[in-house]
Amino acid sequence: MAVGIGAKKSGYEVVLTELDNSGNVTEQKVFASGWLDEASQEVWGRPVDVQELPDGSLLISDDMAGCIYRVSYSK
């Protein structure tokens, strides 16, 4: 798909989408961002897929940077 002159890029973030019991979207929250500089429109990565590991951490694949990020939580 061609991007028109002056068109702003979108995406480049991982979003948490909450659903109700019927499968309707009730809320969306940005979980991880930073792959796109909004001001300059410079992109340094592109998150593609998220997988959860048994310990609750998340793997986020980035097919532009060619890497996988591991996100974990500690108290």
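In this chain, numbering begins with 1 at the start of the sequence shown.
Val48 and Ile60 fall into different hydrophobic clusters, defined by Ile, Leu, Val, Met, Phe, Trp and Tyr side-chain heavy atoms under 4.5 Å apart, directly or through other members. Under the 4.5 Å side-chain contact rule for hydrophobic residues, Val15 and Leu58 do not share a cluster. Hydrophobic clustering, with ILVMFWY side chains joined whenever heavy atoms are under 4.5 angstrom apart, groups Val43 together with Tyr69. Trp35 and Ile68 fall into different hydrophobic clusters, where Ile, Leu, Val, Met, Phe, Trp and Tyr are joined by side-chain heavy atoms under 4.5 Å apart, directly or via other members.
A pairwise comparison of heavy atoms in Leu19 and Thr26 identifies N-OG1, 4.1 Å as the closest pair. Considering every non-hydrogen atom in both Gln41 and Ala7, the closest pair reads OE1-O, 4.3 Å. Across Tyr12 and Gly45, no two heavy atoms sit closer than the pair CD2-O, 3.2 Å. Taking each heavy atom of Lys9 and Leu36 in turn, the nearest pair found is O-CD2, 3.7 Å. Summarising the geometry of Arg46 relative to Met64, their closest heavy-atom pair is N-CB, 3.7 Å, with the distance given to 0.1 Å.
A donor-acceptor pair is defined here as one N or O able to donate and one able to accept, closer than 3.5 Å; no such pair exists between the side chain of Ser57 and the backbone of Arg70. The main-chain N or O of Gly34 is found under 3.5 Å from a side-chain atom of Trp44 such that the two form a donor-acceptor pair.
Side-chain contact between Phe31 and Val50 is absent, with no heavy atoms from C-beta onward closer than 4.5 Å.
The side chain to side chain donor-acceptor pair (under 3.5 Å) search around Glu27 returns none, not counting sequence neighbours. When the side chain to side chain donor-acceptor pair (under 3.5 Å) test is applied to Glu18, the partners found at least two apart in sequence or on another chain are Lys29.
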